[in-house]
There are 2 protein chains.
Amino acid sequence: MLEKTTRINLLFDFYHALLTPKQRNYMALYYLDDLSLGEIAEQYEVSRQAVYDNIKRTESMLEEYEAKLELLGKYQTRQQLLAKLCQQVAEEKNQKELLDTIDRIEKLD
Amino acid sequence: MLEKTTRINLLFDFYHALLTPKQRNYMALYYLDDLSLGEIAEQYEVSRQAVYDNIKRTESMLEEYEAKLELLGKYQTRQQLLAKLCQQVAEEKNQKELLDTIDRIEKLD
């Protein structure tokens, strides 16, 4: 499940400010510090099931925010275009080609 | 109040997906279609005060989202850097200067 973990980490980067402090704490301990559900439950003196439910609900919220705002999707598209632009500069492409790529980035929003 | 109206319009562009359908409708009628509070109240068969309260609450929510996510702020900074980059391309600046500006855009978020 590495791919899913990577995606949740990226979504957490973009949307953590919209979560409650408790949601943020559980997510950080589980995904960033790699604690087990049992260890988090012990630390907060709640059941393992309560931690699990909270984390699953938070993951759904992150996906709902992404469906609405597409911050991760737009970020990835923008970074690809910026990488392309770097390449074009390195290859000394003409002004028109550079300006076309810049224009595409400007229109992303 | 033109400046405030412009800002609310921009924030609405970025965060409208996070609002309820009713909030979106009131905001669009008031800010985009320029209807009066009374006209919106009549159309929805509610009091003028109810429309006013809803719109004020929505404006606060938009500012709270911006405080948390800074989508408008980052957008404006990015567009300034992209404009600078266009200028640099037009002036045929060297590769290092172009790559420095691209690097600043990549690191924005």
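Just so it is clear, the values below take in all heavy atoms, side chains as well, and ignore hydrogens, waters and symmetry mates.
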Measure the spacing between CD1 of A:Ile102 and CD1 of B:Ile102 and express it to the nearest 0.5 Å.
7.0 Å
Under 4.5 Å heavy-atom distance to chain B, tell me which part of A:Leu82 shows up: side chain, backbone, both or neither.
both
Max heavy-atom pair count under 4.5 Å with chain A, selected residue of B:Leu108, B:Asp13, B:Leu99
B:Leu99
Closest heavy-atom contact between A:Glu106 and B:Cys86?
OE2-SG, 4.1 Å
Within residues 55-73 of chain B, contacts to chain A at heavy-atom distances under 4.5 Å involve B:Tyr65, B:Lys68, B:Leu69, B:Leu71
Please determine whether the number of non-hydrogen atoms from other residues, nucleotides or ligands lying under 6.0 Å from atom OH of B:Tyr52 exceeds 12.
no
A quick test of your reading: do over 12 heavy atoms of other residues, nucleotides or ligands sit less than 6.0 Å from OH of B:Tyr30?
no
Looking at B:Gln79, B:Arg78, B:Glu92, which makes the most heavy-atom pairs under 4.5 Å with chain A?
B:Arg78
Given the rule that I, L, V, M, F, W and Y join up when any side-chain heavy atoms are under 4.5 Å apart, are A:Leu81 and A:Leu10 in one cluster?
no
Can you tell me which portion of B:Ile105 sits under 4.5 Å from chain A's heavy atoms? Options are side chain, backbone, both or neither.
both
Check for me, please, whether B:Tyr75 and B:Leu85 land in the same ILVMFWY cluster - side-chain distances under 4.5 Å, paths through other members count.
no
Counting only heavy atoms not in B:Lys22 (residues, nucleotides, ligands), do more than 12 fall under 6.0 Å from its NZ?
no
